[in-house]
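Report on the following structure.
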Amino acid sequence: MRVLVIEDNRDLQANIARFLEPDFQLDFAGTGPEGLALALAHPYDVIVLDLMLPGMSGIEVCERYRQVAPRLVPILMLTARDTLEDKEEGFQAGADDYLVKPFSLRELRWRLEALARRPVPPSGRTLTRGGLTLEPESGQARWGGRTVRLNRTEALLLRWLMEAAPEAVPAATLAERLWGDDAPGSSALRTHVYALRKALAGLGLDDAITTRRNEGYRLDAR
């Protein structure tokens, strides 16, 4: 697995390197601009991105990367801030997962492996439901003349909901598809669904995803 770690703390860089090598191929960047350049130049499997960086914040790196990157590489964001608002900002910028400092290196490894195992969106196939279109490979969703760029997790969730519409998809099914047997808990899935709802609201679809009691999540096919 090839991983880019964008983190300016040299001690943390060294700890990550000692723990993950030689099982992982690691590249390191200590500034936002350097990390963005490496992320766009090489085919990484996962990107680890610190929120507070010199030169360019992690949020800005994430946003710029999602705007121009040809592939939906999963991004794990590192931060010392753990409020719901902070997590929402990270997910809206395009992050796929969140790890709060200080963290266990074992948990970092587990999360990297879980992100790398997530399905790769199919190429060359556009999904359409009731005027809503999704390009799973690029993560672009369109409706009513508006476009939004989803992160990899959001694109996968929307793809599965669109394929199942008008039927609901059980939460347990979505969690199993994302994380396999290593699902971190129901709150993680709810957070990603919340971020997807916010993204769709930006298109003007405020109530596109409903929660069906004892059934799961459902996309309004209209």
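Throughout, numbering of the chain's residues begins at 1 and tracks the sequence.
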Next on the checklist: Could you report the tightest heavy-atom contact between Asn15 and Leu105, atom names first, then the distance?
Outcome noted: O-CD1, 3.7 Å

Checklist entry - Mind checking whether Val169 and Tyr194 sit in one hydrophobic cluster, side chains of I, L, V, M, F, W, Y counted as touching below 4.5 Å? => result no

Checklist entry - Can you tell me how far OG of Ser57 sits from CD of Glu63, rounded to the nearest 0.5 angstrom? => result 7.5 Å

Next on the checklist: Tell me every residue that passes side-chain hydrogen bond (donor to acceptor under 3.5 Å, both in side chains) with Gln13, counting only those two or more places apart in sequence or in another chain.
Outcome noted: none

Item to check | Closest contact, heavy atoms only, Phe28 versus Leu38 | outcome: O-CD1, 3.9 Å

Checklist entry - In chain order, what residues pass the salt bridge (Lys or Arg N to Asp or Glu O under 4.0 Å) check against Asp45, with sequence neighbours excluded? => result none

Checklist outcome for this item: Correct closest heavy-atom pair for Leu219 and Ala165 would be O-CB, 3.8 Å

Item to check | Test side-chain contact (heavy atoms from CB on, under 4.5 Å) applied to Val48 and Ile6, Leu112, Ile75, the passing residue | outcome: Leu112

Next on the checklist: Among Gln140, Arg129, Arg142, Met162, exactly one meets side-chain contact (heavy atoms from CB on, under 4.5 Å) together with Leu134. Which residue is that?
Outcome noted: Met162

Next on the checklist: Is there a salt bridge (Lys or Arg N to Asp or Glu O under 4.0 Å) between Arg197 and Glu154? Walk through the geometry before answering.
Outcome noted: CA-CA 9 Å; Arg197 282 175 168 147; Glu154 293 164 356; over 6 Å; no

Next on the checklist: Test of understanding: with salt bridge (Lys or Arg N to Asp or Glu O under 4.0 Å), list the residues that count as partners of Glu107, not counting sequence neighbours.
Outcome noted: Arg111

Next on the checklist: Starting from Ile16, can I reach Ile47 by hopping between I/L/V/M/F/W/Y residues whose side chains sit under 4.5 Å apart?
Outcome noted: no

